[in-house]
Number of protein chains: 2
Amino acid sequence: MSRDVSIGAAAKASGVKVPTIRFYEQIGLLPSPPRTEGNRRLYGASDLRRLAFIRHARELGFEIDAIRTLLVLQDDPDQSCDAADKIARARLGEVEMRIASLAALRKELQRMIQGCAHGTVSECRVIEILADHGECRHHHQ
Amino acid sequence: MSRDVSIGAAAKASGVKVPTIRFYEQIGLLPSPPRTEGNRRLYGASDLRRLAFIRHARELGFEIDAIRTLLVLQDDPDQSCDAADKIARARLGEVEMRIASLAALRKELQRMIQGCAHGTVSECRVIEILADHGECRHHHQ
DNA sequence: CTACATCCTCTAGCGACTAGAGGAGCAAGC
DNA sequence: GCTTGCTCCTCTAGTCGCTAGAGGATGTAG
């Protein structure tokens with residue numbers, strides 16, 4: 001059923017690049033797969049699932065360490081999922097802060113660009129606003 | 001007028017940490033200041049302005065290379081500000097994409113957390129959603 | 001004059017990859 | 001069989017923007 005595939009095929013299937021797969025193996029995020037006679041890695045279905053999991057979690061901005069925890073949880077399905085929930089909640093908090101701060105940033109960039117009359121630098125809002133942080137009263141971090 | 005200050009005072013005034021100031025000097029973002037007899041750096045008002053500019057630009061997410069360009073522009077105020085405008089617009093585009101992707105992410109995290117009934121992992125929405133990327137049809141990058 | 005803070009240089013480390021060198025294996029066409 | 005060209009292997013070093021620490025010199029307050 002789970003016919004084994006090469007690292008290239010695994011990369012294509014999972015969307016994780018070949019060197020990144022090797023990197024994940026190196027840092028112990030992905031188990032070392034068996035090899036062919038010619039020393040090539042052979043990945044099975046469970047490896048592909050794991051890779052997809054990792055990729056998705058990375059896309060969602062989870063750090064490798066958080067993913068490590070999530071993978072341990074996934075491997076042991078009888079455990080309470082409170083830990084997973086906690087990680088997700090922490091991440092949600094981060095995301096919300098990041099969105100708020102990016103929204104403020106967008107506003108400021110828009111203000112800069114709208115103010116730029118395409119003249120010389122001396123009248124340029126972009127440079128001016130960057131130079132005059134005093135004018136800008138938004139909240140960082 | 002511009003009485004010279006120590007690196008520590010410059011750090012306090014600009015909000016850029018001491019080692020970071022030295023790092024900026026090392027990569028040529030900030031000119032090497034004169035030194036005291038005892039080999040300590042002495043910063044003047046223009047250095048402080050430059051540091052504040054850099055800090056603000058970094059807070060806005062501009063990369064060091066972009067800041068380098070912006071600083072060259074700032075130093076030569078008779079130039080057209082099109083380059084600065086272009087950099088700011090590029091950054092705005094990035095920010096907007098990042099906001100959109102974070103908003104999608106927030107939705108997915110909320111869905112995960114709401115689905116998690118605090119039971120065991122096997123029924124946990126958090127793990128389940130991460131594992132099943134197929135279900136999730138949002139746009140990345 | 002003695003603490004202690006601040007400064008100096010230098011090197012190494014972080015996270016999460018990415019790039020490149022230098023070589024081996026493999027599948028297909030001639 | 002032989003060559004071409006792709007994929008694969010390992011290994012090291014580089015990316016970005018800092019940050020941390022060692023080990024030492026200098027400056028300042030009590």
Side-chain angles (χ1 to χ4, degrees), chain A residues 3-30 32-43 47 50-51 53-71 87 90-91 94 98 140-141, chain B residues 3-30 32-44 47 50-51 53-71 87 90-91 94 98 101 140-141:
Chain A
R3 354 164 244 172
D4 292 341
V5 299
S6 73
I7 195 170
K12 226 167 252 170
S14 66
V16 180
K17 289 185 203 150
V18 170
T20 307
I21 295 176
R22 286 195 280 247
F23 169 73
Y24 286 160
E25 180 182 336
Q26 191 187 301
I27 62 169
L29 202 59
L30 198 68
S32 301
R35 305 281 184 121
T36 65
E37 271 188 31
N39 198 33
R40 283 153 187 238
R41 290 168 178 84
L42 277 185
Y43 294 99
D47 296 310
R50 203 174 179 91
L51 269 176
F53 184 99
I54 294 170
R55 188 202 159 194
H56 194 192
R58 286 293 300 137
E59 276 170 353
L60 291 179
F62 289 95
E63 291 175 7
I64 298 283
D65 249 24
I67 296 175
R68 224 182 276 273
T69 308
L70 289 171
L71 282 169
I87 291 171
R91 182 79 197 127
E94 279 166 35
R98 195 90 188 102
H140 292 301
Q141 244 73 313
Chain B
R3 14 175 222 158
D4 292 341
V5 298
S6 73
I7 195 169
K12 226 167 255 171
S14 67
V16 180
K17 288 184 204 152
V18 169
T20 306
I21 294 177
R22 286 196 278 247
F23 169 73
Y24 286 160
E25 180 182 337
Q26 190 187 303
I27 63 169
L29 203 60
L30 198 67
S32 300
R35 305 280 183 121
T36 65
E37 270 187 32
N39 198 32
R40 280 149 189 241
R41 290 167 177 85
L42 277 184
Y43 294 99
D47 297 308
R50 203 173 179 91
L51 270 176
F53 184 101
I54 294 170
R55 189 203 159 193
H56 194 192
R58 286 293 301 140
E59 276 170 354
L60 290 178
F62 289 94
E63 292 176 6
I64 297 283
D65 249 24
I67 296 174
R68 224 183 276 274
T69 308
L70 290 170
L71 282 169
I87 292 172
R91 179 76 197 127
E94 281 166 35
R98 196 89 190 102
S101 120
H140 291 303
Q141 245 74 311

Calculate, to the nearest 0.5 Å, the distance between atoms [atom1] and [atom2] belonging to [X] and [Y] respectively.
X: A/R50; Y: A/I67; atom1: CZ; atom2: CD1; answer: 11.0 Å
X: B/Y24; Y: B/D47; atom1: OH; atom2: CG; answer: 14.5 Å
X: A/I27; Y: A/I64; atom1: CD1; atom2: CD1; answer: 4.5 Å
X: B/R35; Y: B/R40; atom1: CZ; atom2: CZ; answer: 11.0 Å
X: A/L30; Y: A/T20; atom1: CG; atom2: OG1; answer: 11.5 Å
X: B/I54; Y: B/R68; atom1: CD1; atom2: CZ; answer: 9.5 Å

Exercise: identify the closest heavy-atom pair between A/S14 and A/R55: O-CD, 3.0 Å
Contact summary for B/Y43 and B/P33, nearest pair of heavy atoms: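 Scanning both residues completely, I find the closest heavy atoms to be CE2-CG, 3.5 Å.
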Under 4.0 angstrom between B/R40 side-chain N/O and D/dA25 OP1 or OP2: no
Presence of B/Y24 side-chain N/O under 4.0 Å of D/dG17 phosphate oxygens OP1/OP2: no
Short N-O contact, B/E25 and B/R22, less than 4.0 angstrom: no
Rounded to whole Å, please give me the gap between [atom1] in [X] and [atom2] in [N].
X: B/R55; N: D/dC18; atom1: CZ; atom2: C1'; value: 15 Å
X: A/I7; N: C/dA24; atom1: CD1; atom2: P; value: 20 Å
X: B/K12; N: C/dA5; atom1: NZ; atom2: C1'; value: 11 Å
X: A/D4; N: D/dC8; atom1: CG; atom2: P; value: 14 Å
X: B/L42; N: D/dT26; atom1: CG; atom2: P; value: 15 Å
X: A/I21; N: D/dC9; atom1: CD1; atom2: C1'; value: 14 Å
X: A/D65; N: C/dC14; atom1: CG; atom2: P; value: 12 Å
X: B/R68; N: D/dC16; atom1: CZ; atom2: C1'; value: 12 Å

Sugar-phosphate, base or nothing in reach of B/S6, heavy atoms under 4.0 Å: sugar-phosphate
Sugar-phosphate only, base, or nothing, as touched by B/I27 at under 4.0 Å among non-hydrogen atoms: nothing
Give each protein N/O atom lying under 3.5 Å from an N/O atom of nucleotides 10-15 of chain D, with the pair distance.
residue : atom : partner : partner atom : Å
D/dT10  : OP1  : A/R35   : NH1          : 3.2
D/dT10  : OP1  : A/R35   : NH2          : 3.0
D/dT10  : OP2  : A/R41   : NH1          : 3.0
D/dT10  : OP2  : A/R41   : NH2          : 2.8

Got a list of protein N/O to nucleotides 18-22 of chain C N/O distances below 3.5 Å?
residue : atom : partner : partner atom : Å
C/dT18  : OP1  : A/K17   : NZ           : 3.4
C/dT18  : OP2  : A/T20   : OG1          : 3.2

B/E37 or B/E63, whichever maps to the more 5' nucleotide of DNA chain D: B/E63
